[in-house]
2 protein chains.
Amino acid sequence: MPEPDIHLVDDDASTGDACRFLLEGYGYGVTYWSAGTDFLAGATLEAAGCVILDLRMPRMDGTAVHAALRERRSPLGVVILTAHGDVPTAVEQMKQGAADFLQKPVNGTRLIAAVDTALARSRSAWEVRILAQRATTLSERERHVARLVRDGLTNRAIAERLHVAVRTVEVHRAAAMRKMGAHSSAELAALWQRVAD
Amino acid sequence: MPEPDIHLVDDDASTGDACRFLLEGYGYGVTYWSAGTDFLAGATLEAAGCVILDLRMPRMDGTAVHAALRERRSPLGVVILTAHGDVPTAVEQMKQGAADFLQKPVNGTRLIAAVDTALARSRSAWEVRILAQRATTLSERERHVARLVRDGLTNRAIAERLHVAVRTVEVHRAAAMRKMGAHSSAELAALWQRVAD
DNA sequence: CCCGGATATGTGGAAAACCACAATACCGGC
DNA sequence: GCCGGTATTGTGGTTTTCCACATATCCGGG
């Protein structure tokens with residue numbers, strides 16, 4: 001993986017350096033961005049990883065960057081840093097999926113724990129994102145069959161429900177498996193469960 | 001379902017009444033408890049539903065009640081109310097799974113939205129809890145086979161990996177299906193994916 | 001000792017999954 | 001018109017799933 005594990009977005013370079021020093025001491029690779037716009041324009045948002053966002057930044061604040069990541073369905077895990085946080089903002093960011101919301105001065109142990117949580121979540125989100133993308137390649141019919149396979153119905157039962165021949169169900173099922181990268185119905189069921197229609 | 005949808009735990013009866021009035025206006029059944037200890041001792045914690053907890057209470061505060069619910073793996077969704085909240089507490093409660101953390105005086109629309117979110121999550125958590133309980137009835141061997149089924153391996157491949165006969169794998173798989181309430185391998189795979197080893 | 005649960009295995013057979021090869025029809029894009 | 005995708009269906013055959021019936025061993029609890 002050529003991308004670094006951690007992105008650090010903070011207009012204050014001294015805070016940025018302190019955090020980078022701490023994280024690099026733990027073996028993480030860190031890329032520093034002084035503005036959210038630069039980060040969004042320059043980073044690979046489709047990769048798994050973690051981004052530490054400072055809440056208050058001049059041109060684009062941390063909540064706006066976080067919102068942009070969500071809009072683009074980026075799997076990057078988010079940790080918010082702030083010198084002056086208020087409860088509604090903290091709660092909202094957590095509800096939007098931030099792994100943590102830390103106040104400055106930052107406690108090193110907490111920051112590392114938050115980053116680890118964000119990275120773990122990001123790995124899982126990355127996998128689910130891949131699966132979700134594959135799911136978009138399925139036709140409506142194939143999706144319906146995949147759903148019923150997930151629910152444990154036999155081809156015959158599915159055929160009766162959809163008023164088609166068993167062979168037709170087999171064809172749709174095979175196509176769904178191929179597109180999702182599954183090698184058996186059981187695997188398709190598990191993958192579909194993961195995507196969660 | 002004999003249990004009410006919503007539990008309201010607040011030592012201040014006037015706030016309690018206001019919230020109850022609002023919620024009952026939306027058709028929710030509400031049970032009021034003036035203390036966390038009463039709620040924990042008297043409510044059915046294994047049911048799906050929502051509990052609105054006031055943060056500051058004399059004998060047992062809202063965070064302690066929430067912690068008790070988590071320790072007992074209750075599927076009840078949690079909404080925290082507080083007159084004086086601080087950022088670290090808010091963030092911690094959200095990390096512990098609270099659906100929302102609202103400051104008093106409570107905005108009715110927000111409260112209803114929070115309750116709806118908590119209820120939806122609770123339903124799903126209830127289902128997963130049932131599955132997790134069933135999973136505890138599986139032997140180690142059965143669990144291992146279920147995991148490999150979830151990964152899409154054939155009985156033959158599993159047998160080779162475990163150095164046993166195919167027939168043995170079938171027996172374990174059948175037992176796992178029976179205990180999990182699945183009627184096919186595909187269904188077992190999906191259910192196991194949901195429990196997530 | 002008996003019983004239940006866990007683990008292991010064999011035999012024989014039905015049901016289900018999986019699919020190559022083949023065909024038809026419709027739609028949209030080049 | 002040709003091509004690719006979607007939807008539908010048939011034939012014939014192999015592989016896999018599922019399981020009744022049966023057997024054996026070990027362990028713990030009543």
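Summarising the geometry, the separation between CE on B:Met177 and P on D:dT16 is reported as 18 Å, rounded to the nearest angstrom. As a whole-Å value, the separation of B:His183 NE2 from D:dC18 P is 12 Å. If you measure from atom CD of A:Glu170 to atom C1' of D:dT9, you get 11 Å, rounded to the nearest angstrom. The CG-C1' distance, from B:Leu188 to D:dC18, rounds to 13 Å in whole Å. Following rounding to the nearest Å, A:Glu187 (CD) and C:dA17 (C1') show an atom-to-atom distance of 15 Å. Between the C1' atom of D:dG5 and the CD atom of A:Glu140 lies a distance of 15 Å, rounded to the nearest Å. Computed from coordinates, the A:Ile158 CD1 to C:dC18 P distance equals 10 Å when rounded to whole Å. Put simply, NE2 on A:His172 is 15 Å from P on C:dC19, counting in whole angstrom units.
In terms of position on DNA chain C, the residue among A:Val171 and A:Asn155 whose nearest nucleotide sits closer to the 5' end is A:Asn155. In terms of position on DNA chain D, the residue among A:Arg178 and A:His163 whose nearest nucleotide sits closer to the 5' end is A:Arg178.
To the nearest 0.5 Å, atoms CZ (B:Arg173) and CD (B:Glu142) are separated by 13.0 Å.
A:Lys95 has a carboxylate O that lies under 4.0 Å from a charged side-chain N of B:Asp100, or vice versa, which qualifies the two as a salt bridge.
Comparing D:dT17, C:dT9, C:dA16 by their nearest atom to the side chain of B:Val164 picks out C:dT9. Nearest nucleotide to the side chain of B:Thr154, out of C:dC19, D:dC18, D:dT17: D:dT17. For B:Glu142, the listed nucleotide lying nearest its side chain is C:dT7; candidates were D:dT17, C:dC18, C:dT7. Of the candidates C:dT7, D:dC21, D:dT9, D:dC21 carries the atom nearest the B:Arg167 side chain, counting heavy atoms from C-beta on.
Regarding contacts with the backbone of C:dT9, a side-chain N or O of B:Thr168 is found under 4.0 angstrom from either OP1 or OP2. Side-chain nitrogen and oxygen atoms of B:Lys179 include none within less than 4.0 Å of the OP1 or OP2 phosphate oxygen of C:dG5. For A:Arg156, no side-chain nitrogen or oxygen approaches OP1 or OP2 of C:dA15 to under 4.0 Å.
Nucleic acid contact for A:Arg141: sugar-phosphate only, since backbone atoms but no base atoms lie under 4.0 Å from a heavy atom of the residue. Across all strands shown, A:Val166 has no heavy atoms under 4.0 Å from either base or sugar-phosphate atoms. Backbone-only engagement by B:Ser139 is indicated by non-hydrogen atom pairs under 4.0 Å involving sugar-phosphate atoms exclusively.
If you check the side chains of A:Asp17 and A:Ser14, you find no donor sitting under 3.5 Å from an acceptor. Side chains of A:Asp116 and A:Tyr28: a donor-acceptor N/O pair is present below 3.5 angstrom, by distance only. Side-chain contact annotation: B:Gln93 with B:His66, donor-acceptor N/O pair under 3.5 Å present.
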